[in-house]
Amino acid sequence: MSGVLHCRLLTGGNDMRSLLIGVLLAALAPAVASAQWVPMVPSPPEIPTYGGYEAPAPYRAPQTTYDYQSGNVYRTTPSYGGSTTVRGSNLNTGSTWTTRVDPNGNMRGTDASGNLWQYNSQTGSYISSDGTTCIGKGYARVCN
């Protein structure tokens with residue numbers, strides 16, 4: 001039933017006002033009827049950059065790599081903030097370790113003996129909870 005006819009039946013008249021209301025309803029009815037509810041989908045979080053380093057895509061799937069020579073398995077998981085976590089294990093020895101690499105190259109983690117350690121990429125300093133410390137880079141590197 002058209003909007004004009006429906007409006008005339010409801011108002012019971014043939015006057016100009018009923019006709020005008022019917023025309024408006026007929027014009028608006030398809031737009032109102034075709035309107036659909038669309039769920040709001042949140043946009044992905046904004047990825048920050050660190051000192052000019054361009055952060056990775058919002059999501060990259062973790063990757064698993066096997067090194068046949070050493071028997072090591074590496075599980076690499078990128079994060080939204082640009083850092084990467086590497087979980088390593090060796091099925092032959094049963095050892096496991098974890099390393100987190102920040103976008104600026106700094107690293108920290110736990111070695112196969114359970115010692116906590118950290119590395120500063122700018123200075124080349126390395127400190128471990130087992131007492132090992134290293135300062136410098138390359139040939140100038142000195143460790144205790």
Side-chain angles (χ1 to χ4, degrees), residues 1-11 16-144:
M1 176 181 298
S2 79
V4 175
L5 180 60
H6 185 68
C7 186
R8 283 188 177 175
L9 290 175
L10 288 177
T11 59
M16 191 58 117
R17 186 174 142 247
S18 297
L19 181 63
L20 183 59
I21 292 173
V23 169
L24 287 173
L25 284 176
L28 294 176
V32 173
S34 67
Q36 296 179 357
W37 180 75
V38 178
M40 296 272 306
V41 178
S43 59
E46 187 173 318
I47 308 289
T49 58
Y50 302 94
Y53 173 81
E54 191 171 1
Y59 176 77
R60 291 190 340 220
Q63 295 180 334
T64 302
T65 308
Y66 179 70
D67 180 5
Y68 291 98
Q69 290 181 328
S70 66
N72 292 338
V73 177
Y74 303 98
R75 176 81 169 166
T76 306
T77 308
S79 74
Y80 284 101
S83 63
T84 301
T85 301
V86 180
R87 290 180 174 82
S89 62
N90 188 301
L91 298 176
N92 299 327
T93 64
S95 60
T96 61
W97 59 94
T98 304
T99 303
R100 180 183 168 125
V101 182
D102 292 333
N104 61 5
N106 292 342
M107 295 183 256
R108 63 187 171 277
T110 307
D111 65 18
S113 300
N115 299 308
L116 298 174
W117 61 271
Q118 64 183 21
Y119 170 76
N120 183 308
S121 64
Q122 279 73 36
T123 64
S125 64
Y126 170 87
I127 302 169
S128 177
S129 63
D130 70 356
T132 304
T133 58
C134 299
I135 305 293
K137 296 181 177 182
Y139 291 113
R141 188 170 182 84
V142 177
C143 297
N144 69 347

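All values below were derived from every heavy atom in this structure, side-chain atoms included, with hydrogens, water molecules and symmetry-related copies excluded.
In this structure, the side chains of Trp97 and Asn72 come closer than 4.5 Å at one or more pairs of heavy atoms.
Note on residues 62-87: no pairs pass salt bridge (Lys or Arg N to Asp or Glu O under 4.0 Å), not counting sequence neighbours. The salt bridge (Lys or Arg N to Asp or Glu O under 4.0 Å) pairs that include a residue from residues 104-116 are Asp102-Arg108, where partners are two or more places apart or lie in different chains.
Partners of Asn92 under the side chain to side chain contact (heavy atoms under 4.5 Å, CB included) rule, at least two apart in sequence or in another chain, are Asn90. When the side chain to side chain donor-acceptor pair (under 3.5 Å) test is applied to Ser129, no partner is found at least two apart in sequence or on another chain. Residues satisfying the side chain to side chain contact (heavy atoms under 4.5 Å, CB included) criterion with Thr132, sequence neighbours excluded, are Tyr126, Ser128, Asp130, Cys134, Asn144.
Ala61 and Pro78 get closest at one heavy-atom pair: O-CD, 4.2 Å. Of all heavy-atom pairs spanning Val86 and Tyr74, the tightest one is CG1-CD2, 4.1 Å. When all heavy atoms are compared, the tightest approach of Asn106 to Asn104 is N-OD1, 3.0 Å. For the pair Pro103 and Gly81, the tightest heavy-atom approach, listed with the atom from each and the gap, is CG-O, 3.9 Å.
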Residues 135-143, side-chain donor-acceptor partners within the protein, below 3.5 Å, at least two apart:
from   : atom 1 : to     : atom 2 : distance (Å)
Lys137 : NZ     : Ser121 : O      : 2.5
Arg141 : NH1    : Gly124 : O      : 2.6
Arg141 : NH1    : Gly136 : O      : 2.9

